[in-house]
Asker: 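One structure follows; several queries about it will come next.
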Amino acid sequence: MSLVTLSDVLQPALRDGYAVAGLVTLGWEDMRAYVAAAEAEDVPVILQAGPSCREHTPLPVLGKMFRHLAEAASVPVVAHLDHGYTHEECRTAIDSGFTSVMFDGSRKALAQNIAETAAIAEMAHAAGVSCEGEIGFVGYSGGEGSDGTDPDEAAQFASETDVDAMAISVGNVHLQQDKEGGLDQARIRAIEAVTQVPLVIHGGSGVPVAQRTALARGSKICKFNIGTELRMAFGQALRTAVNADPERFDRVQILKETHEPVVEATRRVLQAFKGA
Ligand SMILES: [Zn+2]
């Protein structure tokens, strides 16, 4: 059994200079491929259930799926709730067997974000579960704009919430389909100078691969969330499989053909986060 908490994988990453991928899952096919890729690369992996995943499959079911994969895996696997928006949602995730919850209070005023995140971190820790918070606001491609993380606020947030990981806004944007963004290194340096908490980059798909590697090895960024890049790989593989035979209607037969391409794409993502 290799089910572990977020803290269990991020503290060694912080110490030894690498990062762990937080992979956005949408269903059985992609989560299974992600674990196979992590085993092939011999690295830990964080399986994440975000809002669109939960809209499709209830949290108690996702908890079972993540735990089933983790228990059979040869590498450490974290069962993580991504963007929990309420105390209730985080409570349900913990009751469903998740080993890590992210509470996203980043749209709230600082004091309220700190108070609510601290309460969820306390609940999570009492259950032996990790907690990720977000300070600053990471926007969405084609949607809400970002609000960059202020280093002083980050230091205050880290010390007053007792989170195990802190998501920051440093030029990263959710749902980017190209890798031309690039992160604000000066802001990252200013934030990591004032906190010891492992840092998290949401919207990792938009970060150039060379910068992912450099930051994994040489900064306190220990977790990159990757969703869009692998969703695109899955979508492409599915389209190819569907179009390969117009007579075919059995979805298991079709979905089987997404496995190898998604494993290959995931392996390339994981390789970039390895240490020197
Ligand atoms: Zn996010």
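We count ligands from 1, going down the list as the structure has it; atoms in each ligand are counted the same way.
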Asker: Flag the pair Lys223 / Ile201 as yes when at least one side-chain heavy-atom distance between them is below 4.5 Å, and no otherwise.
Answerer: no
Asker: Measure the spacing between CG of Asp245 and CG of Asp250 and express it to the nearest 0.5 Å.
Answerer: 11.5 Å
Asker: Tabulate below the donor-acceptor pairs under 3.5 Å that side-chain atoms of residues 269-276 make, not counting sequence neighbours, or state none.
Answerer:
unit_1, atom_1, unit_2, atom_2, d
Gln271, NE2, Glu41, OE2, 2.8
Lys274, NZ, Glu41, O, 3.2
Lys274, NZ, Glu41, OE1, 2.8

Asker: Give a yes-or-no answer on whether the side chains of Glu132 and His202 include a donor-acceptor pair shorter than 3.5 Å.
Answerer: yes
Asker: Where the side chain of Thr195 meets the backbone of Val197, is there a donor-acceptor pair that is under 3.5 Å apart?
Answerer: yes
Asker: Give me the ring orientation class for Trp28 and His68: parallel if the planes are under 30° apart, tilted from 30 to 60°, perpendicular past 60°.
Answerer: tilted
Asker: Output, by chain and residue number, all protein N/O/S atoms separated from the Zn ion (ligand 1) by less than 2.8 Å.
Answerer: His83 NE2, His174 NE2, His202 ND1
